[in-house]
Amino acid sequence: MKMTARFLARLTRHPADNRVHWLAWLLLGLLLAILPWLVSAGFGNTWLRILNFALLYVMLALGLNIVVGFAGLLDMGYIAFYAVGAYLWALLASPQFGLHWPLWAILPLGAGVAGLFGVLLGAPTLKLRGDYLAIVTLGFGEIIRIFLNNLNAPINITNGPQGISAIDPVHIGSLSLARPIDLGFVQVPSLVSYYYLFLIAALAIIGIAIRLERSRVGRAWAAIREDEVAAKACGINTRNVKLLAFAMGATFGGVAGGLFAGFQQFVSPESFGLLESVMVLCMVVLGGMGHIPGVIFGALLLTILPEFFRHIAGPVQQSLFGTVLIDPENLRMLLFGLSLVLVMRYRPSGLWPSPQRRREIEDVQRADAPADVPVSPM
Amino acid sequence: MNSVLLRADNISKSFGGVQALKDVSLTLNKGEVYGLIGPNGAGKTTFFNCLTGLYVPDSGQFTFGDTPLISHAPDKTVRQGIARTFQNIRLFANMTALENVMVGRHARLRSNIVSDILRTPFNRREEQATEDMALQLLHYVGISARAHDLAKHLSYGDQRRLEIARALATNPRLLCLDEPAAGMNANETAGLRQLIEAIRADGISILLIEHDVQLVMGLCDRIAVLDYGELICEDVPAIVQQHPRVIEAYLGSGAHA
């Protein structure tokens, strides 16, 4: 743990040295390309599935990062946009209404509709900040979930708590990702094709997030986060710029939701509870709010860690005590919670904060610490 | 020369039972440095906030150039050419000095979220031009060496200068400075005075709230005095200094006799 932290610190300490050699990028690309094959060969398909979900969470976390990290608006109902994207796909590509739209039509539409919902959520919350904003967005998230749960009467739209099943898998032309694809020299299993699709989507979202951060609108978001009154005095139309943050963040959620529905081929309101919103928020905060690499890292870690605990909780107890004392399912959440507490205690700015944000936290700590106490080497 | 840039007609504003501004009318000419003074709580900052759209006046109307200002639209006010600084410095503390000035450019830029994402050639050119311009402005106010430092790590005087650079980035015709010399030592105040002179020489009119009497008297072409929300005098410094109501407001009613 400490080693990792030190390694990450070294990576980020000198911004001037950050020009990563193209060779490093090439190696990273190669690794990402062969990763699904390695994972499925080494750990089996369960872990490949987890990897795919990790990519979906990367998209979600980056979307929420725009709202929370860039613009500083605490959104506790973010998962609603994931739900909107997922249900839109489910309704337009399943026997529910007998519609079977293709990927290139639903995905942009899902992004757009989710963005629209982002504006709908944003509009009534424009004057709110901090705690109050969190409560309203939390309510919004629940409203969407409850709607999905109850829109089976009088007209059955969402099929209620049973959810929508038999959703079309993602297909590109006549090529369905649900079946292995024969490339002649190699058979690409379904999970691997989904991995590549999600990777492309995640990379696109990362690219967009990076460009937005260093742009006119990205600066305006940061200005609102820092001081809203001063932002207004700089000629920023804070209403529009905030709505843009909500819409943009929601768009990422909508894309991830659509891909999720096509991947799972089943959606139900259960998948979009408050805990999911909290989880995505944890990824953003724990990784390093506002820092794109940190947020990606947080999303990967928080998807993989609970699964890791799930897999070791039973066997480790078995070997230590000869019997399973605590239900692995409970133990894993306990360990997970504990690790969250520890991270926030010892790395309050997140595991991989932007160099700037880390300096802020260090400034605060330095101001708190008594000046004349000698610093011990450890 | 004496064409009117800003005209305030009967501006009133009250908070609860307190009448912060009572029918304040004044006119500011093009190219002027115009002082707004008065004892604490006289309504100077309230006047600023009404002018820049942060407050909506209860009644009255501002006219800037030939167009009426829209109340409660700070961003539109900036677009029309009025920029301001704050009495208690309000910088974007965790952004660099350069970024602070670039934010000030916001209203004058034309790229939108789509061109930001696509990084169109137009967008690249505009970003580069913005950065160049921001650097120039930092140089202009004399803090270009601190361009890449976080705003909060700048010294107090530099923060004041940065706030002025940020306001200048909006391309104002009128720059409103709210107590820019507050907390400055004599040296810093002298530097500030030079800076304000330079800004005036560049053709930007200045509305100045200030407590430093020497600075105000030396710098301003005309001065308006507020007391308990009322305008008691508007004239050139020499006359304002002698005005009985001004002396009364500052020193109490027995002082003049």
Side-chain angles (χ1 to χ4, degrees), chain A residues 15-16 66 69-70 72 115 204-245 247-249 251-252 289-290 349 353-364 367, chain B residues 48-49 52-54 72-86 88-96 98-119 123-124 126-127 130 148 150-153 163 166-167 169-172 176 178:
Chain A
I66 289 194
F70 290 176
I205 281 177
I206 292 169
I208 292 173
I210 290 173
R211 288 188 164 188
L212 283 177
E213 189 185 17
R214 314 192 135 272
S215 71
R216 173 176 181 252
V217 67
R219 281 194 302 272
W221 285 335
I224 289 175
R225 182 187 68 208
E226 293 290 319
D227 187 331
E228 196 168 337
V229 173
K232 282 182 185 167
C234 284
I236 293 170
N237 182 330
T238 53
R239 182 194 62 201
N240 290 359
V241 170
K242 277 189 188 179
L243 285 180
L244 206 55
M248 203 61 223
T251 303
F252 292 2
M289 233 192 303
S349 48
S354 66
Q356 199 162 303
R357 174 108 177 97
R358 199 185 45 236
R359 255 183 284 142
E360 281 163 41
I361 299 266
E362 279 169 3
D363 283 352
V364 172
Chain B
F48 255 41
N49 286 344
T52 52
L54 292 177
H72 204 64
D75 56 298
K76 294 207 176 82
T77 312
V78 172
R79 266 169 224 272
Q80 290 193 49
I82 299 180
R84 71 168 293 172
T85 65
F86 292 89
N88 45 339
I89 304 173
R90 299 191 84 137
L91 289 167
F92 308 119
N94 295 309
M95 296 166 82
T96 64
L98 184 70
E99 285 168 339
N100 268 272
V101 182
M102 288 174 80
V103 170
R105 199 76 194 132
H106 183 90
R108 305 293 175 203
L109 301 182
R110 285 173 49 219
S111 62
N112 55 36
I113 196 161
V114 178
S115 69
D116 280 342
I117 291 172
L118 298 177
R119 281 279 149 99
N123 178 281
R124 281 167 203 269
E126 193 178 71
E127 281 293 292
T130 307
H148 297 287
L150 295 190
K152 66 176 178 190
H153 290 156
E163 225 191 357
R166 187 179 69 185
T170 65
N171 258 13
C176 306
D178 196 347

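First the proteins, then the strands, lettered A, B, ... as listed; each starts at 1.
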Under the salt bridge (charged side-chain N to carboxylate O under 4.0 Å, His left out) rule, what do E127(B) and R219(A) come out as? Steps first, then yes or no, please.
-> CA-CA 11 Å; E127(B) 281 293 292; R219(A) 281 194 302 272; 2.9 Å; yes

Which is it for M248(A) and I117(B) under the side chain to side chain contact (heavy atoms under 4.5 Å, CB included) test, yes or no, and what are the steps along the way?
-> CA-CA 11 Å; M248(A) 203 61 223; I117(B) 291 172; 3.9 Å; yes

Steps toward side chain to side chain contact (heavy atoms under 4.5 Å, CB included) verdict (R211(A), D116(B)) | CA-CA 7 Å; R211(A) 288 188 164 188; D116(B) 280 342; over 6 Å; no

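If you measure heavy-atom distances from S111(B) to chain A, the contacts under 4.5 Å come from both the backbone and the side chain. In this structure, chain A has heavy atoms under 4.5 Å from both the backbone and the side chain of A93(B). Both the backbone and the side chain of R214(A) come within less than 4.5 Å of a heavy atom in chain B. With a threshold of 4.5 angstrom between heavy atoms, L109(B) approaches chain A through its backbone and through its side chain. In this structure, the portion of L212(A) lying under 4.5 Å from any heavy atom of chain B is its side chain and not its backbone.
To the nearest 0.5 Å, atoms NZ (K232(A)) and OG1 (T52(B)) are separated by 10.5 Å. Here the straight-line distance linking atom SG of C234(A) with atom CE of M102(B) works out to 13.0 Å at 0.5 Å rounding. Expressed to the nearest 0.5 Å, how far CG of L118(B) lies from CD1 of I208(A) amounts to 8.5 Å. The structure places CG of D227(A) at 7.0 Å from CZ of F86(B), a figure rounded to the nearest 0.5 Å. Rounded to the nearest 0.5 Å, atoms NZ (K152(B)) and CD (E226(A)) are 8.0 Å apart. Considering CG of N240(A) and CD1 of I113(B), their distance stands at 11.5 Å, rounded to 0.5 Å.
When all heavy atoms of G235(A) and A107(B) are compared, the closest pair comes out as O-CB, 3.8 Å. Scanning both residues, F92(B) and A230(A), for their nearest heavy atoms gives CE2-CB, 3.7 Å.
A donor-acceptor contact shorter than 3.5 Å is absent between the side chain of R84(B) and the backbone of A233(A).
Of the candidates T238(A), N237(A), V241(A), I236(A), N237(A) is the only one forming a side-chain contact (heavy atoms from CB on, under 4.5 Å) with D75(B).
Contact tally against chain A (heavy-atom pairs below 4.5 Å) for M95(B), R79(B), R108(B): the top residue is M95(B). Of all the listed residues (E126(B), R119(B), E163(B)), the one sharing the greatest number of non-hydrogen pairs under 4.5 Å with chain A is R119(B).
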